[in-house]
Amino acid sequence: MKLTIIGSGYVGLTTGACFAEVGHEVMCVDNNAEKVATLLKGDIPIYEPGLAEIVTKNVAAGRLKFTTNTPEGVDHGNVVFIAVPTPPNPDGSVDLKFIEKVAREIAPAIHSYKVIVDKSTVPVKTGEKVTETISRYAPDAEFDVVSNPEFLREGCAVADLMNPDRIVIGANSDRALALMQKVYEPFRAPVLATDINSAELIKHAANSFLALKISYINAVSAICEASDADVELVAEGIGMDKRIGRSFLNAGLGYGGSCFPKDIAAFIAISDDLGVPFNLLKEVEKINHDQLERFIKRIREKLWVLEDKKIAVWGLAFKPDTDDTRCSVAIELVERLVAEGAEVRAFDPKALDHVKNSPLGDKITLCGSPEEAAEGAEAVVIATEWPEFANVDFDKVRDSMIAPVMFDGRNLLDPKTMERFGFEYHGVGRGLSTNQ
Ligand code: UGA
């Protein structure tokens with residue numbers, strides 16, 4: 001099938017590449033000429049495992065094309081996906097100016113029946129607005145609007161797209177639904193067909209539920225610390241109940257990234273706007289915020305004054321397997337340590353370049369390895385659970401530190417093992433008895 005994706009960010013680019021990988025003819029449109037030039041050269045502007053390979057392969061096969069020209073894109077595809085950013089407004093609500101602009105740009109370029117798909121995460125009833133907008137700017141255009149939210153996770157986006165748990169298609173027309181089913185046929189995944197409003201809600205409700213699970217276990221972690229219990233065991237015991245499941249019950253510094261903080265704030269704003277305030281989600285946000293505060297308090301309690309202390313921070317990305325530092329709790333933590341006068345020596349396997357080019361880059365020392373960051377440090381803080389941090393030479397790390405104190409903000413390491421290596425170990429929600 002001929003498909004068009006408008007917006008070549010994380011979602012648009014990976015979705016376009018995966019559509020091409022299963023045999024569709026895909027044209028990706030982006031108004032950033034520099035980005036399109038980069039992509040045409042075969043360079044991928046983001047780090048996402050497996051993405052570069054499928055982009056290169058499908059460009060070479062002629063199934064994946066890039067352009068800055070929206071009318072050319074609309075002309076190409078029978079189905080046109082909108083995958084542009086939906087950034088937050090200062091009050092948490094969603095700024096839909098890019099969606100509105102694309103709807104206006106698409107309208108005059110529609111010369112035959114098109115399915116226009118909202119792929120971006122948008123508030124419920126955005127589909128209605130897109131329909132109204134296109135009809136206003138092109139009264140004779142023949143089209144249907146569909147909501148088809150994405151559920152890909154950064155760091156495993158290609159795998160999530162190629163093997164989805166489910167495909168949600170929100171359509172109010174059988175013709176549009178039939179075309180969308182054809183688009184997804186090669187993925188052999190369960191399809192849930194809904195109305196447009198329900199599909200839009202599914203995305204916000206799914207992300208909010210996952211964030212709720214994280215905040216739930218983080219609230220339990222605070223109780224574990226106060227009662228000398230181990231949140232890892234509690235999560236194990238809860239998660240063995242099939243109705244609950246173990247995933248997204250990892251206690252730590254809380255959720256970050258470009259999706260959860262924004263989507264939870266948006267869902268709160270949407271529910272307020274609809275006159276049915278979702279107060280539970282306000283608590284989810286608060287617990288997430290408190291989690292970092294409690295961790296910093298713990299560091300302060302153990303190290304006392306942070307001014308002039310050398311602190312190694314392992315991990316800057318918002319989670320492993322990505323170079324993305326947007327709304328990263330690790331970055332927030334580093335900023336807080338710096339604000340208290342600590343000398344931060346940081347390492348991240350993929351995100352160093354992003355941080356080097358940010359204002360924080362001048363305020364901390366960026367190191368080439370976790371071992372180098374720990375040299376001469378008075379504590380190591382694990383802020384992102386990159387698996388390789390569990391395999392460093394801990395004897396070497398201990399010997400090179402001024403004091404072997406480890407604050408594991410992601411419960412990556414085993415407390416007993418770290419004690420055997422001679423570290424004073426502090427995890428999240430793992431009681432205090434082993435740390436006294
Ligand atoms: C999330 C959802 O998982 C995807 O399904 C969704 O499509 C995507 O948002 C989106 O809206 O586009 P992502 O932001 O890539 O994906 O990352 P997650 O793997 O969900 O992690 C989000 C944050 O939660 C990270 O900071 C992670 O460290 C944290 N987390 C996750 C925990 O603190 N504990 C957990 O148990 C799991």
Side-chain angles (χ1 to χ4, degrees), residues 7 9-15 46-49 83-88 94 118-123 148-161 163-168 200 202-221 231-232 234-236 238-239 244-267 284-285 287-289 291-292 295 315-333 348 351 382-387 408-412 427-429:
Y10 245 111
V11 173
L13 181 60
T14 33
T15 306
I46 49 175
Y47 170 73
E48 187 61 44
V84 294
T86 48
V94 184
D118 258 336
K119 195 73 173 148
S120 309
T121 300
V122 292
N148 173 222
E150 55 76 21
F151 302 103
L152 61 85
R153 290 163 297 169
E154 287 185 24
C156 40
V158 173
D160 281 351
L161 274 160
N163 298 294
D165 287 348
R166 80 303 207 183
I167 304 292
V168 174
E200 289 168 340
I202 284 169
K203 177 58 195 268
H204 273 124
N207 272 5
S208 297
F209 190 79
L210 292 169
L212 170 86
K213 259 189 118 174
I214 298 169
S215 279
Y216 182 85
I217 200 66
N218 281 337
V220 171
S221 79
V231 75
E232 292 300 309
V234 175
E236 207 61 41
I238 302 172
I244 298 174
R246 177 63 182 83
S247 66
F248 279 73
L249 283 180
N250 294 323
L253 293 175
Y255 61 78
S258 66
C259 302
F260 283 2
K262 172 174 87 81
D263 289 353
I264 280 63
F267 208 25
V284 167
E285 266 190 336
I287 293 168
N288 201 53
H289 172 261
Q291 199 67 1
L292 179 62
F295 191 69
L316 296 165
F318 85 97
K319 67 173 189 176
D321 276 327
T322 179
D323 59 353
D324 197 343
T325 54
R326 287 176 292 171
C327 288
S328 167
V329 185
I331 296 287
E332 208 181 324
L333 171 74
D348 188 281
I382 298 181
T384 313
E385 67 278 32
W386 285 95
D408 183 355
R410 295 290 177 183
N411 287 354
L412 176 71
V428 175

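Whatever order the structure lists them in is the order used to number ligands and atoms, beginning at 1. Numbering starts at 1 and runs along the sequence shown. What you are looking at is a predicted structure, and each value in this text was computed from that prediction instead of being measured.
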Using modelled atom types only, decide if a donor and an acceptor are shared between the side chain of E48 and the backbone of T322 within a distance under 3.5 Å.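 Answer holds: no.
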Without swapping roles, check the side chain of N218 against the backbone of G252 for a donor-acceptor pair under 3.5 Å.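 The answer is yes, because a donor-acceptor pair under 3.5 Å joins these two groups.
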Any Lys/Arg nitrogen of E232 or R410 sitting under 4.0 Å from an Asp/Glu carboxylate oxygen of the other?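 Here E232 does not pair with R410 in a salt bridge, since their nearest N and O are not under 4.0 Å apart.
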At less than 4.0 angstrom from any non-hydrogen atom of [X], what atoms of ligand 1 do you find?
X    : value
F318 : 14 (O), 15 (O), 17 (O), 25 (C), 26 (O), 28 (O)
G254 : 33 (O)
D263 : 11 (O)

So, is K203 polar-close to ligand 1, with some N/O to N/O distance under 3.5 Å?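 Among all N and O atoms of K203, at least one is under 3.5 Å from an N or O of ligand 1.
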Would E154 count as a polar contact of ligand 1, with the cut-off being nitrogen or oxygen pairs under 3.5 Å?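 Between E154 and ligand 1 (N or O atoms, distance only) the closest approach is under 3.5 Å.
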Would you mind checking which non-hydrogen protein atom is closest to [atom], with the distance to 0.1 Å?
atom                    : value
atom 11 (O) of ligand 1 : N207 ND2, 2.7 Å
atom 1 (C) of ligand 1  : F260 CE1, 3.4 Å
atom 19 (O) of ligand 1 : K319 NZ, 2.8 Å
atom 31 (C) of ligand 1 : I214 CD1, 3.5 Å
atom 3 (O) of ligand 1  : R153 CG, 3.3 Å

Tell me the closest heavy-atom pair linking [X] and [Y], and the distance in Å.
X    : Y    : value
C259 : N207 : CB-ND2, 4.1 Å
V11  : A83  : CG1-CB, 4.3 Å
K319 : W386 : O-CZ2, 4.4 Å
P88  : K262 : CD-CD, 3.8 Å

Please check if any side-chain donor atom of T14 sits under 3.5 Å from a side-chain acceptor atom of E150, or the reverse.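 Judged by distance alone, the side chains do not pair up.
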Which one of [options] has a non-hydrogen atom at the shortest distance from [atom]?
atom                    : options                : answer
atom 23 (C) of ligand 1 : S215, G256, P149, C259 : G256
atom 37 (C) of ligand 1 : Y10, F151, Y255, F248  : F248
atom 8 (C) of ligand 1  : L152, N250, L210, V11  : L152

CZ/F260: more than 12 non-hydrogen atoms of other groups inside 6.0 Å: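 Count over threshold, so yes.
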Can you tell me which portion of R410 lies within the under-4.0 Å heavy-atom range of ligand 1? Options are side chain, backbone, both, or neither.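 Side chain only.
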